[in-house]
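Written out below as structure tokens is the structure these notes cover.
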Amino acid sequence: MKKIILFFWATIILTSCVNLEEEPQSQLSTDQFYKTQSDAVSVVTAVYNALNHTDTNLPYYNATFNVTVGFSADDNTPGPRATSTDARSIASFTATSTNSNYLSPWVQSYRIINRANAAIDRIPSISGDTTVLNRLVREAKFLRGLAYYNLVRIYGGVPLILHETTSLNGLQVARNTVDEVYSQIIQDFTDATQLPKTFPGSDGFRATSGAARSFLVSVAVTRQRWTDAINQYNAIVSGGYGYKLFDNFADIFNPGKENTLEHIFDAFQIANGNTTSPTGDTNIMGAREAPVTGIIVGGGKGSDTDAPNATLRQFFKANDKRTSVTFVDSILDAKGNKVYNPHFHKWYDSSNPKNLLNNGVNIPIIRFAEIILFYAEAKNELDGPGNPNDQTSAYYAINKIRTRAGLPALTTGLTKNQFRDSLFHERRLEFAHEAVVRWFDLVRINGSGKPLLFTAIRNLIDPTKGGKPTDPWCAAKAANIKEKHLLFPIPYTEIQANPKLTQNPGWE
């Protein structure tokens with residue numbers, strides 16, 4: 001395995017210019033930057049690029065999370081062409097701390113953090129329009145908060161690095177506590193609530209005050225701060241942001257409707273065919289999920305590396321409008337015959353049906369549907385499900401999602417516990433194959449006082465819960481799941497490089 005140590009913290013790779021569609025500047029020293037306002041814009045854009053571009057690993061939101069947290073959860077399974085031992089061991093809960101897929105989120109998150117820290121530290125010394133420069137610093141804080149939010153949910157307490165790292169000196173830093181990391185996350189997102197509400201045109205990829213408030217909702221729910229979640233939700237819906245659900249679920253994944261209505265913050269993708277360069281910005285998920293042994297009806301072949309878990313498809317009803325967007329059920333075999341073989345379908349770009357790698361579908365990092373369901377969860381935990389006709393009730397909120405899906409209103413008369421179960425099931429259907437959602441739902445402590453992970457994995461082999469005990473991936477997960485899997489291990493190479501790092505319980 002390639003050894004990648006904390007030197008990544010000391011590296012600022014300026015792989016971007018102002019426009020995401022432009023060719024990147026490369027091999028530029030930091031001394032050449034931070035002189036003009038244009039430099040400041042370019043440096044912050046480089047932080048955004050780290051969300052979906054890469055120079056060493058699978059892109060952060062464009063495959064890394066799908067392989068690490070996605071394969072760990074109960075929705076995704078390695079497909080026939082996912083032959084990597086590291087990927088397959090993640091999916092069977094047999095991986096160790098030396099697994100490269102446990103390293104990728106760490107390395108990529110700290111790359112984002114160090115780029116953001118550089119912007120936060122250096123931009124204030126630049127002369128220019130103070131409104132623009134202050135805005136750029138807040139954008140960098142938002143992105144730093146996002147990276148730390150991912151880290152703390154994956155690894156627990158991690159080292160808080162809040163200033164640019166320019167040398168190897170001082171890289172041996174101990175882990176901060178979970179509470180300390182969350183305190184910084186909340187501060188960064190709170191500072192980012194002063195960002196503009198919208199950005200026009202080619203700047204639509206930038207973080208907004210609505211995105212910052214949305215992540216404050218997410219953090220509050222994750223921390224079981226129900227009142228804080230509701231207060232932030234109310235600030236969003238009354239704040240003139242204009243967020244709405246798309247009438248058509250498929251429009252969420254329509255490149256022609258990006259940065260509108262339901263989209264709050266996305267990893268932006270461009271269908272320019274640029275998939276192999278270090279700054280390729282095409283969504284590769286469409287090719288990863290499509291079959292290689294057949295052709296999806298109306299489209300091309302893929303790489304068959306991401307597959308639905310054997311239990312997932314059955315939970316989607318025929319009248320659920322999300323079904324045909326989430327899955328393609330038929331492929332064409334070599335003779336042109338239809339074969340029933342469910343594959344994921346969310347990231348399929350219908351504008352490029354024969355070239356699945358030339359994919360401009362944005363990857364939603366947080367969308368308005370999730371904010372509505374977070375509100376429903378918080379209201380239920382505080383007040384119970386409420387009256388379905390009360391527009392402030394948990395029932396009313398969840399039924400917005402069900403109505404859009406073409407489903408009847410949720411059964412009335414549920415208890416708080418029953419409603420909670422229904423809500424997490426609804427979240428599973430709504431966000432299937434949006435990898436960062438399901439895993440974080442499984443490992444966080446919810447209103448029941450415990451995480452869903454162990455119940456969800458046991459259900460994979462329980463026929464009364466739709467389980468498939470004969471499926472090898474379901475059986476492996478159920479056999480190997482342990483308490484330690486609530487957190488990923490601190491990567492072995494990081495502990496070797498930094499003796500001050502301690503390992504998570506149960507990992508070696």
Side-chain angles (χ1 to χ4, degrees), residues 5-6 8-10 47 50 60 69 97 102-103 105-121 137-166 169-194 207 211-229 231-232 366 374 436 439-440 443-446 449 451 483-491 494-495 497-507:
I5 60 174
L6 290 175
F8 275 101
W9 290 5
V47 192
Y60 196 60
V69 301
S97 64
Y102 286 147
L103 175 65
W106 180 283
V107 169
Q108 293 179 2
S109 294
Y110 276 110
R111 179 183 295 122
I112 292 167
I113 289 164
N114 201 41
R115 292 183 185 183
N117 284 342
I120 294 165
D121 285 348
V137 169
R138 293 185 182 111
E139 289 180 64
K141 287 185 176 182
F142 171 93
L143 294 165
R144 182 175 68 181
L146 175 60
Y148 273 124
Y149 189 34
N150 288 329
L151 282 170
V152 75
R153 291 181 292 172
I154 293 172
Y155 301 102
V158 295
L160 273 176
I161 310 297
L162 301 178
H163 295 284
E164 179 187 10
T165 303
T166 58
N169 295 329
L171 282 180
Q172 293 189 0
V173 182
R175 298 173 69 175
N176 287 79
T177 67
V178 167
D179 285 342
E180 288 170 338
V181 177
Y182 268 111
S183 179
Q184 184 61 48
I185 291 166
I186 292 168
Q187 183 62 59
D188 280 346
F189 285 145
T190 299
D191 289 349
T193 61
Q194 300 304 308
R213 291 192 182 280
S214 295
F215 274 106
L216 286 171
V217 173
S218 178
V219 169
V221 169
T222 299
R223 301 285 280 165
Q224 300 179 74
R225 310 293 196 260
W226 312 120
T227 300
D228 290 347
N231 288 342
Q232 287 293 344
I366 196 163
F374 276 146
V436 296
W439 176 252
F440 291 149
V443 297
R444 65 183 169 94
I445 304 297
N446 58 54
E483 189 76 21
K484 70 178 185 179
H485 288 112
L486 286 168
L487 292 174
F488 284 7
I490 304 301
E494 300 301 310
I495 288 182
N498 179 5
K500 291 186 178 180
L501 286 177
T502 57
Q503 187 55 275
N504 281 326
W507 294 96

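Bear in mind the structure is a predicted one, so any value in this text is a computation, not a measurement. We count residues from 1, following the sequence as given.
Closest approach of Thr190 to Thr193, counting heavy atoms only: O-OG1, 2.5 Å.
For Asn231, there are no side-chain hydrogen bond (donor to acceptor under 3.5 Å, both in side chains) partners, not counting sequence neighbours. Every residue two or more places apart in sequence or in another chain that forms a side chain to side chain contact (heavy atoms under 4.5 Å, CB included) with Asp188 is listed here: Lys141, Arg144, Gln184. For Arg444, the salt bridge (Lys or Arg N to Asp or Glu O under 4.0 Å) partners are Glu377, Asp441, not counting sequence neighbours. Evaluation of the side-chain hydrogen bond (donor to acceptor under 3.5 Å, both in side chains) rule for Thr227 yields no partner, not counting sequence neighbours. For Gln224, the side chain to side chain contact (heavy atoms under 4.5 Å, CB included) partners at least two apart in sequence or on another chain are Trp226, Ile445. Take Tyr182 and apply the ring-ring contact (aromatic ring centres under 6.0 Å, His included) test, not counting sequence neighbours, and it matches no residue.
Proximity of a side-chain donor or acceptor of Asn150 to a complementary backbone N or O of Ser109 within less than 3.5 Å is not detected. Side chain of Glu494 to backbone of Pro491: no donor-acceptor contact under 3.5 angstrom is found. No side-chain donor-acceptor contact under 3.5 Å links Asn504 to the backbone of Lys484. The backbone N or O of His163 sits nowhere less than 3.5 Å from a side-chain atom of Asp121 that would complete a donor-acceptor pair. Although no hydrogens or angles enter the test, the distance criterion places a donor-acceptor pair under 3.5 Å between the side chain of Trp507 and the main chain of Leu487. Without hydrogens or angle criteria, Tyr148 side chain to Val158 main chain gives no donor-acceptor distance under 3.5 Å.
Proximity of Arg223 to Asp179: side-chain heavy atoms (C-beta onward) are separated by under 4.5 Å at one or more points. Contact annotation: the side chain of Ile154 never approaches that of Trp106 to less than 4.5 Å [non-hydrogen atoms, C-beta and beyond]. Side-chain contact between Leu143 and Arg115: absent, with no pair of heavy atoms (C-beta onward) separated by less than 4.5 Å. Residues Val181 and Leu151 form no side-chain contact, since every pair of their non-hydrogen atoms from C-beta on lies 4.5 Å or further apart.
In this structure, CD1 in Ile495 is found 7.0 Å from OG1 in Thr502, a value given to the nearest 0.5 Å. Note that OG of Ser97 and OH of Tyr102 are 9.5 Å apart. Values are rounded to the nearest 0.5 Å.
Side-chain atoms of Gln232 and Asp228 include no donor-acceptor pair closer than 3.5 Å.
Ring geometry for Phe189 versus Tyr149: interplanar angle over 60°, hence perpendicular rather than tilted (30 to 60°).
Relative to the ring axis of Phe142, Arg138 does not place its NZ or CZ within 45° and under 6.0 Å from the centre.
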